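The figures that follow rest on heavy atoms only: side chains count, while hydrogens, waters and symmetry mates do not. Bear in mind the structure is a predicted one, so any value in this text is a computation, not a measurement. Residue numbers count from 1 along this sequence.
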Amino acid sequence: MKPITSIGNQISTRFKRPKNNDVYYSSQWRLIYRRLKKHKLARVSLIILGLFYLAAIFAQFIAPYGLQSYDSKYVNAPPTKLSFKDAEGHFHMRPFVNDLKSGRDPVTLRKIFVQDENVRHPLRFLVKGESYKFLGLIPTKTHLFGVDEPGRIFLFGTDGMGRDLLSRVVLGSQISLSIPLIGVFISFVLGLSIGGISGYFGGWIDSVIQRFIEIIRSFPTLPLWMALSAAIPARVPVVTMYLYIVIIFAFIGWTDLARVARGKFISLKNEEYVLAAKIAGVSDAKIIIKHLLPGFISYLVVATTLAIPGMILGETAMSFLGLGIRSPATSWGVLLQEAQQIENIALYPWKLIPLGFVIVTVLTFNFLGDGLRDAADPYKK
């Protein structure tokens, strides 16, 4: 007869926990994270978005010039070229830019800029420039890069007023990237709350809320933007205009999520665990928060991610049409206003650079949303 210890060892060996026990004992978010790591396009998109938002946070440090900085001598100047070799062919370890000299095209008599290869301005890091408050708190004059006076560096060229386009793109990202996030957050709260109430309680509450949603959705988006923007006073502070634009997008964007939340609540409120909670005397608020929302929170994260590109395009369109952010503030839509005219694009193609940032941002959010959707799908292998 075998001793009891050997029998116990055989049982423990037979029912030994598998090595990859993370798969069997991971939470839902852990499983989503594991699947998302395998989605290469989503990973790359997340890195790009992280760099964009990092640049927006430290925009005043990264931008070599401020929003108010302009130079009439460099109106519509082309991007300056970083070089390592001078006119004599000598190699320099520190990159430099040549001085820009204005002239006239002998055929068209249009003002042009040529590089003066005899004057070099080395690129320097952590240089002193215009004063600003780092992170809005610490007064400083240090910028990430620049050149010594009287040299000027315009890596993206300048606009029609002689302002550095790179600085305006970086500083404009603070508005173009933050308005969609705040607007989506407000829409998320409104849509989830109103849609959840509609789906959970049903009856006349559901009918009233759904009719109200249908009225809002019946308005065409662009005319509704224009009507709401027209209600904003013409001369309001920049911060106030920013808040108004956020409210406009949040007021329009919550209806889609409310419809989705309503459908999910209707499908889940009759499940056995919800009925058991009601019999146990659990309050409606606790049932919604602790039992219903976790059932589709991953879907809500995906829906929120996919809603951000629409708001980015909306803010860009409003500012492009002059209905959103206005000077002296800037956003990517404001920068694209100069690209409305065909001759501007033909003569100064660098003014379309902000459009590239809009396209890349929208695509990365869409790719990240696709990756999250695949990772949150429990039926996808």
Output a table of donor-acceptor pairs, distance under 3.5 Å, between side-chain atoms of residues 47-65 and any protein atom two or more places apart or on a different chain; print 'none' if there are none.
| residue | atom | partner | partner atom | Å |
| --- | --- | --- | --- | --- |
| Y53 | OH | L177 | O | 3.0 |
| Y65 | OH | I153 | N | 3.2 |

Could you walk me through whether E214 and R217 pass the salt bridge (Lys or Arg N to Asp or Glu O under 4.0 Å) test, one step at a time? CA-CA 5 Å; E214 289 170 2; R217 292 174 62 88; over 6 Å; no
When you group the ILVMFWY residues by side-chain heavy-atom contacts below 4.5 Å and let the links chain together, are V282 and I279 in the same group? no
Please assess T142 against F134 for the test side chain to side chain contact (heavy atoms under 4.5 Å, CB included), listing each intermediate value before the final yes or no. CA-CA 9 Å; T142 304; F134 183 71; over 6 Å; no
Check: V44 and F367 side chains under 4.5 Å, non-hydrogen atoms: no
What's the verdict on side chain to side chain contact (heavy atoms under 4.5 Å, CB included) for L123 and V97, showing C-alpha distance, side-chain angles and the deciding distance? CA-CA 7 Å; L123 180 69; V97 295; over 6 Å; no
Supply the atom-to-atom distance S173 OG to L171 CG, rounded to the nearest 0.5 angstrom. 7.0 Å
Hey, quick one: are W332 and V360 part of the same hydrophobic cluster, counting side-chain heavy atoms closer than 4.5 Å, chains of contacts allowed? yes
Let me check something: do I205 and I287 share a hydrophobic cluster, defined by ILVMFWY side-chain heavy atoms less than 4.5 Å apart, either directly or through other members? yes
Could you measure the distance from the CD1 atom of I353 to the CZ atom of F156? Nearest 0.5 Å is fine. 5.0 Å
With side chains defined as the heavy atoms from C-beta onward, is the minimum distance between V127 and F145 less than 4.5 Å? no
So, using ring pair (Phe, Tyr, Trp, His ring centres under 6.0 Å) as the criterion, who are the partners of H143 when residues are at least two apart? Y132
Please report the closest heavy-atom contact between P180 and I175, naming both atoms and the distance. CD-O, 4.1 Å
Between the CG atom in L368 and the CG atom in L363, the distance rounded to the nearest 0.5 Å is 12.5 Å
When hydrophobic residues are tied together by side-chain contacts of less than 4.5 Å, even through go-betweens, does Y74 share a cluster with V119? no
Please report the interatomic distance NZ(K278) to OH(Y273), rounded to the nearest 0.5 Å. 11.5 Å
Check whether R163 reaches the backbone of Y70 with its side chain - one donor and one acceptor, N or O, closer than 3.5 Å. no
Could you go through the side chain to side chain contact (heavy atoms under 4.5 Å, CB included) check for F96 and H121 one step at a time? CA-CA 5 Å; F96 61 88; H121 301 287; 5.9 Å; no
Minimum side-chain heavy-atom gap V75-M161 below 4.5 Å: no
Residue pair R124 / D148, side-chain heavy-atom distance below 4.5 Å: yes
I need the minimum non-hydrogen distance between T364 and S45, along with the two atoms involved. O-CB, 3.3 Å
Between S69 and R152 the two heavy atoms that sit nearest each other are OG-NH2, 4.0 Å
Just jot down the ring pair (Phe, Tyr, Trp, His ring centres under 6.0 Å) partners of Y348, sequence neighbours excluded, or say none. W350
Do the non-hydrogen side-chain atoms of D99 and Q115 ever get within less than 4.5 Å of each other? no
Between atom CG of L67 and atom CZ of R168, what is the distance when rounded to the nearest 0.5 Å? 6.0 Å
Once side chain to side chain donor-acceptor pair (under 3.5 Å) is applied, do any residues pair with R94, and if so which ones, sequence neighbours excluded? none
Under 3.5 Å, which donor-acceptor pairs do the side chains of residues 187-204 form with other protein atoms, sequence neighbours left out?
| residue | atom | partner | partner atom | Å |
| --- | --- | --- | --- | --- |
| S187 | OG | G183 | O | 2.9 |
| S187 | OG | A250 | O | 3.4 |
| S193 | OG | V189 | O | 2.7 |
| S198 | OG | D206 | OD1 | 2.3 |
| S198 | OG | Q210 | NE2 | 3.0 |
| Y200 | OH | D284 | OD1 | 2.9 |

Rounding to 0.5 Å, atoms OG1 (T330) and CG (L335) come to a distance of 3.5 Å
Only distances under 3.5 Å count here; give the side-chain donor-acceptor pairs of residues 77-84 to other protein atoms, sequence neighbours excluded, each with its distance to 0.1 Å.
| residue | atom | partner | partner atom | Å |
| --- | --- | --- | --- | --- |
| T80 | OG1 | F154 | N | 3.0 |
| T80 | OG1 | F154 | O | 3.0 |

